[in-house]
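Below is one structure; the comments refer to it alone.
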There are 2 protein chains.
Amino acid sequence: MNLKELAAELHLSQTTVSRALNGYPEVSEKTRQIVLAAAQRFGYRPSPAARRLATGRAHALGVVFNAERNALMDPLFVEYLAGVAETSAKQGFDILISPSTPHDEIATYSRLASDGTVDVVILSAPLCVDPRIALLSELKFPFVVHGRPPIPAGISYLDIDNFGAFQQATSFLIQLGHRRVMLINGEEQFTFVEDRSRGAATAFAAAGLPATLLDEHFMPMTAENAYRIARPALEADARPTAILCGSILVALGVLRAAAELGLDVPRDLSIVAHDDEMPAFPADQFHPQLTTTRSSIRAAGTRIAEVALARVAGQKPGAVAEVWPVQLIVRGSTAAAPERS
Amino acid sequence: MNLKELAAELHLSQTTVSRALNGYPEVSEKTRQIVLAAAQRFGYRPSPAARRLATGRAHALGVVFNAERNALMDPLFVEYLAGVAETSAKQGFDILISPSTPHDEIATYSRLASDGTVDVVILSAPLCVDPRIALLSELKFPFVVHGRPPIPAGISYLDIDNFGAFQQATSFLIQLGHRRVMLINGEEQFTFVEDRSRGAATAFAAAGLPATLLDEHFMPMTAENAYRIARPALEADARPTAILCGSILVALGVLRAAAELGLDVPRDLSIVAHDDEMPAFPADQFHPQLTTTRSSIRAAGTRIAEVALARVAGQKPGAVAEVWPVQLIVRGSTAAAPERS
DNA sequence: CACAGCGTTCAAAGCGCTTTGGGGATTGCC
DNA sequence: GGCAATCCCCAAAGCGCTTTGAACGCTGTG
């Protein structure tokens, strides 16, 4: 059943029916009720394609899915998506996943922007130099950023306090007496990686300790990469007594390296990991339970979707700039630094 | 730039230009080349919305995303999605993620089917009694299934050999001398869970062993659930000497329980897990490295998307019914059963 | 030379919705 | 009673594409 038929059924014009359905004030409350009831009764649903063509609005938000990148580091992505889905469902928005490779990512964005298949895109994991942001800004296509944009001015975004999280975690380790600390960070190109790096460095500086004690490594945050870097480091003479991990996955690799070397966590080695709260991999299900800096990726997903929808509704870019605090949860993977041997 | 403008630019009718672009035979090769060149030059892209309205085809495939269910058990989902994305990108298809709660899932499907926002939906993790399949079948809406449909007749699907995988894994454990085996399975409602259950039972029967030696449990496959069930079982007198895990996540929980109880894997306890190849959690990054039944969820994703697109292209439902073999990979988490004490 | 046949191209009619620019009723006011 | 103002409602024009049915120009045949 389409509008025309419904209108005929009601002996009203399409215009009136359309307006009644869309809540325009030009139609009396009485007829609106009648129309609504009839629509309900006949199970009428406006055609999204037609509406889209007529209005130019897609009622969909776009997420570019870089398969290669995400597959590597993002079981998080599901949880994030679940968050996005939650709010977009409430507003009747669809989520369009546009696959892309690192190679054609920019082309994908520019297609999305010109196609009209989505009204807004959510951009994740911004880079320190981000061509995607540059492109969308120039095209004046609505977008919001999950993470800290390199140049935040005029951009609505939502981030967690990566700087604070790692500063806090590092200070905590320093207080426990750790001096040789390893930081297994993500890839240097991401702003969140830079923030974490600065956070850790700041903690060292604040404690009056030389920056050289912080052994930092940048890499895609997988268990295997972490294992590869942690294992030789832990075998060395001046091995680190504590390792800061960029994610739970990284911690997994470190745990393996430690186990293989017979190092007890936390007696011989302390571990702090950043935890985005993947329900599938709760930090407290590890052995030992992990001390973490915790933030909810899912909550971030629901919120950033809200911001995206507000943007569609006309809110100015830059109107939202939230940085969520991150909590340090001390569990069993951290202890006082071992005595100097 | 739209069709009309492009046509005007070329001094041709919209009809001709449209046909040239879409490869219809009614236009001469010469003009087709001219049109193609011009389209390229002006960067013309047909409006998806308009095309959709005119043709009724959406050029999109739908995946219903049940946030609650997926969040629990599916870091897999990303990897699967990556696979789907891979092939759909090649064909220029978009992926529409429709969020839903368990509550309104059926409504979501029926909306998708009547909306015209997608041309086909991919249904995952079919249930033993699956209202979604019933609905789509009745509506005659194109769909394909990832997993074994309860009644496979007339349905295109792709599944891995869950039965064979667990039969093989169980036989392997039995050969190692294990008699008290625990199976931590998923929720009973899924067909794959039933298949795995049957696989394990069959192995016991084939070995002439009583079914009572197989201690099977059904639950959402999370690390925490696994821990909760494994821990007391491992503390009991007649504790299992081997545990079959429905996923890597489940194995994680079991490993924790074992570690806390001071049980050595594989000396005191053997573990076999099913591994869908999440790159984030490679089975060989655990300590000990896990013996697994392995299949690639990502490859399944790319293939099921192909099947879905073939379905859109007119292939009959039921034309594809693939069951992929699953390989048993023996690593360090399995060993001969400990001596009877 | 007329006509059929073929290969190309075109004008126009949708697809189902929104929205502009009016226009009947009905009401309030003088 | 006449006029404008106020409500409601409508006809029709798009949105940008596909597709039907017709027409055009050209060739080959009787």
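This one's a predicted model, so the numbers in the text were calculated from it and none came from an experiment. In the text below, chain A, chain B and the rest are named by the order of the sequence lines, each starting its count at 1. When reading the values below, keep in mind they use all heavy atoms of this one structure, side chains included, and skip hydrogens, waters and symmetry mates.
Side-chain N/O atoms of B:S13 and base N/O atoms of C:dT9 include no donor-acceptor pair closer than 3.5 Å.
Phosphate contact (OP1/OP2 of C:dA12, side-chain N/O of B:T15, threshold under 4.0 Å): absent. In terms of phosphate contacts, A:T16 brings no side-chain nitrogen or oxygen within less than 4.0 Å of OP1 or OP2 of D:dC8. Between A:Y44 and C:dG16 there is no side-chain N or O to OP1 or OP2 distance below 4.0 Å. The side chain of B:S18 places no N or O atom within less than 4.0 Å of a non-bridging phosphate oxygen (OP1 or OP2) of D:dC17. The side chain of B:N2 contributes no N or O atom lying less than 4.0 Å from OP1 or OP2 of D:dC15. Regarding contacts with the backbone of D:dT19, every side-chain N or O of B:T55 stays at 4.0 angstrom or more from both OP1 and OP2.
Taking the side chain as every heavy atom from C-beta outward, A:D94 and A:S88 never approach each other to under 4.5 Å.
At whole-Å resolution of the value, CZ in B:R52 and C1' in D:dG16 are 14 Å apart. Per the geometry, CG belonging to A:L6 stands 9 Å off P belonging to C:dC17, to the nearest Å. The distance from atom NZ of B:K30 to atom C1' of C:dT8 is 11 Å, rounded to the nearest whole Å. For the pair A:L3 CG and D:dC10 C1', the computed distance is 14 Å after rounding to whole Å. Atom-to-atom, CZ of B:R57 to P of D:dG16 comes out at 22 Å; the value is rounded to the nearest Å. Rounded to an integer number of Å, the gap from A:K4 NZ to C:dC15 C1' is 10 Å. Atom pair A:Y24:OH and D:dC8:C1' shows a separation of 16 Å (rounding to whole Å applied). Rounded to an integer number of Å, the gap from CG of A:L10 to P of D:dC10 is 10 Å.
Residues A:F141 and A:Y109 place their aromatic rings such that the two centres sit no closer than 6.0 Å.
The side chain of B:L12 has C:dT9 as its nearest neighbour among C:dC17, C:dT9, D:dT18. The side chain of A:Q14 has C:dC17 as its nearest neighbour among C:dT19, C:dC17, D:dT18.
Within 4.0 Å of A:S47, counting heavy atoms only, lie sugar-phosphate atoms of the nucleic acid but no base atom.
Each of A:P46 and B:T31 was matched to the nucleotide of DNA chain C holding its nearest heavy atom; the match closer to the 5' end belongs to B:T31. If A:E26 and B:L53 are placed on DNA chain C by their nearest nucleotide, the residue sitting closer to the 5' end is B:L53.
A side-chain donor-acceptor contact under 3.5 Å links A:R32 to the backbone of A:Y24.
Electrostatic pairing of A:E105 and A:R132 counts as a salt bridge here, judged by a charged N lying under 4.0 Å from a carboxylate O.
More than 12 heavy atoms of other residues, nucleotides or ligands lie within 6.0 Å of CG in A:L139, so this atom counts as buried by the packing criterion.
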